[in-house]
Amino acid sequence: MYKTDRKLLVEELENNGIVDPYVLKAIGEVKREKFIPEAIKHYAYKDVALPIGYGQTISQPYTVAFMTQLLNLKEKSKILEIGTGSGYQAALLFNMGMEVYSIERNISIFSDTLKLFDQLRIRVKCKCGDGTLGWKDQAPFDGIIVTAGSPVVPTELKNQLSINGKLVIPVGDKETQMLKVITKEDDGLFSEENYPQFKFVPLIGREGWKDA
Ligand code: SAM
């Protein structure tokens, strides 16, 4: 079911500038409808963000594809995701053969998504907590992807990148954010690229927003 819709979504993303063949392949294979509440499953292949309950969303496929493309992944990279949410982004990374770690702060979302990963045999290492602090025991990471908007770049996340690792994070106010790609270069210094204009739910935590 939805095979044609998935194919059409891949074509739409290609037309909108997504070029990474591994990202497009994963979008064409991972069943987005599995990560969406039953009542709105028929919207699964529209290129829009959708509500997943608790005031949170599954991000728009274009945004997920664009952010994943920005990570510029090599085979079997070790990736940390902040904001597990529905689990769709983590499922794509797993499908692409990455070693995936993911942190979610909302305990209800965390336990629902853990069950779903179990059912779908998606092997992602998950933790419930404040992702603005990263996952120190498991660092360094080749990529860190933050799927909620932050007022600043959390220092801990930069610290937990490997050499040539990339942090992709939306930074701005609560209305709109710029996607920042921060790369830890060979000499240990950080370079930065910016892509406007995105809108995410807030990243809440010690190095994020203090409230929703
Ligand atoms: N990646 C998700 C997906 O594929 O569905 C989209 C996530 S949703 C846009 C953002 C998520 O970030 C929400 O589930 C929210 O609870 C979570 N979140 C917000 N602040 C967080 C924090 N400090 N640490 C971990 N998760 C956080």
Side-chain angles (χ1 to χ4, degrees), residues 9 13 23 26-27 30-37 40-41 43-71 79-96 98 100-117 120 122 124-136 138 141 143-157 160 167-172 174-177 179 198-212:
L9 176 62
L13 296 178
V23 174
I27 302 255
V30 175
K31 298 180 173 170
R32 190 168 185 253
E33 74 274 14
K34 302 274 185 202
F35 301 86
I36 287 171
I40 54 169
K41 275 199 194 310
Y43 292 120
Y45 293 96
K46 300 259 176 265
D47 190 18
V48 290
L50 293 168
I52 57 167
Y54 312 99
Q56 300 302 326
T57 53
I58 175 172
S59 305
Q60 180 185 353
Y62 174 80
T63 305
V64 174
F66 188 64
M67 290 177 85
T68 311
Q69 177 170 282
L70 288 174
L71 283 171
I79 309 297
L80 173 64
E81 177 194 27
I82 311 300
T84 317
S86 70
Y88 180 65
Q89 170 77 70
L92 284 178
L93 292 166
F94 176 69
N95 173 285
M96 292 170 74
M98 304 303 145
V100 190
Y101 293 77
S102 187
I103 307 177
E104 171 57 52
R105 74 180 282 276
N106 179 307
I107 181 79
S108 306
I109 296 179
F110 173 77
S111 48
D112 286 355
T113 302
L114 215 61
K115 275 186 222 138
L116 183 67
F117 283 158
L120 302 177
I122 293 170
V124 170
K125 289 150 204 97
C126 297
K127 166 162 121 165
C128 189
D130 179 3
T132 66
L133 306 176
W135 196 329
K136 217 170 184 169
Q138 296 295 341
F141 297 96
I144 302 180
I145 180 165
V146 182
T147 66
S150 181
V152 292
V153 178
T155 320
E156 261 311 306
L157 296 184
Q160 293 179 25
L167 165 62
V168 178
I169 179 169
V171 177
K174 283 189 182 164
E175 294 313 310
T176 55
Q177 303 89 32
L179 263 186
F198 290 82
K199 178 160 178 61
F200 284 81
V201 295
L203 181 76
I204 299 166
R206 192 157 350 140
E207 289 202 55
W209 295 100
K210 301 300 170 236
D211 56 45

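Just so we're clear, the structure is a prediction, and the values are computed from it rather than from any experiment. Below, each value reflects all heavy atoms present in this structure, side chains not excepted, and no hydrogens, waters or symmetry copies. Whatever order the structure lists them in is the order used to number ligands and atoms, beginning at 1.
- When each of F117, F35, F94 is paired with Y88, the ring pair (Phe, Tyr, Trp, His ring centres under 6.0 Å) condition holds for F35 and for no other.
- Heavy-atom contacts of I109 reach the following atoms of ligand 1: 14 (O) (cutoff under 4.0 Å).
- Taking the six-membered ring where the residue is Trp, F198 and F200 present tilted rings, their angle falling between 30° and 60°.
- Here the heavy atom of the protein found nearest to atom 19 (C) of ligand 1 is P202 O, 3.6 Å.
- Contact detail for I27 and L9: the closest heavy-atom pair is CG2-CD2, 4.0 Å.
- Residue-ligand proximity, Y88 to ligand 1, at heavy-atom distances under 4.0 Å covers atoms 4 (O).
- More than 12 heavy atoms of other residues, nucleotides or ligands sit less than 6.0 Å from atom NZ of K199.
- The atoms of ligand 1 that sit less than 4.0 Å from any heavy atom of T57 are 6 (C), 7 (C), 8 (S), 9 (C).
- Annotation: T147 places an N or O atom under 3.5 Å from an N or O atom of ligand 1; distance criterion only.
- Nearest to atom 21 (C) of ligand 1 by heavy atom, out of K199, R105, Q60, is R105.
- Each of the atoms 5 (O) of ligand 1 lies under 4.0 Å from some heavy atom of I58.
- Heavy-atom contacts from other residues, nucleotides or ligands closer than 6.0 Å to NZ of K41 number more than 12.
- Residue contacts with ligand 1 for V64 are absent, since no atom lies close enough (heavy atoms, distance under 4.0 Å).
- Here the protein heavy atom with the shortest distance to atom 14 (O) of ligand 1 is E104 OE1, 2.7 Å.
- Residue, atom and distance of the protein heavy atom nearest to atom 24 (N) of ligand 1 are G131 N, 2.8 Å.
- Separating the CD1 atom in I52 from the OG1 atom in T57 is a distance of 6.5 Å, to the nearest 0.5 Å.
- Taking CG of L167 as the reference point, atom CG of L71 lies at 9.0 Å (rounded to 0.5 Å).
- Polar contact check, A90 against ligand 1: no nitrogen or oxygen pair lies under 3.5 Å apart.
- Using a 4.5 Å cut-off on side-chain heavy atoms (C-beta onward), S150 and I169 make contact.
- Under a cut-off of 6.0 angstrom, the local environment of NZ in K136 is sparse, with at most 12 non-hydrogen atoms contributed by other residues, nucleotides or ligands.
- In summary, the atoms of ligand 1 found under 4.0 Å from a heavy atom of S59, numbered by their order in the structure, are 6 (C), 9 (C).
- The S86 neighbourhood of ligand 1 comprises atoms 3 (C), 4 (O), 5 (O), with distances under 4.0 Å to a heavy atom of that residue.
- Within the listing of ligand 1, atoms 24 (N), 25 (C) sit less than 4.0 angstrom from a heavy atom of G129.
- In terms of polar-atom proximity, defined here as any N/O pair under 3.5 Å, I204 does make such a contact with ligand 1.
- By the 30° and 60° cut-offs, the orientation of the rings of Y101 relative to W135 is perpendicular.
- Using a 4.0 Å heavy-atom cutoff, R206 is absent from the residues neighbouring ligand 1.
- In terms of protein heavy-atom proximity, atom 13 (C) of ligand 1 is closest to Q56 OE1, 3.2 Å.
- In this structure, the protein non-hydrogen atom closest to atom 12 (O) of ligand 1 is G83 CA, 3.2 Å.
- Not a single N or O atom of L203, backbone or side chain, sits closer than 3.5 Å to an N or O atom of ligand 1.
- Because its NZ or CZ atom is not both nearer than 6.0 Å to the ring centre of Y45 and within 45° of the ring axis, R32 does not count as a cation-pi partner of that residue.
- The structure places OG1 of T68 at 9.0 Å from CD of E81, a figure rounded to the nearest 0.5 Å.
- In terms of protein heavy-atom proximity, atom 4 (O) of ligand 1 is closest to Q89 N, 3.0 Å.
- Residue N106 has no N or O atom closer than 3.5 Å to an N or O atom of ligand 1.
- No more than 12 heavy atoms of other residues, nucleotides or ligands sit less than 6.0 Å from atom NZ of K34.
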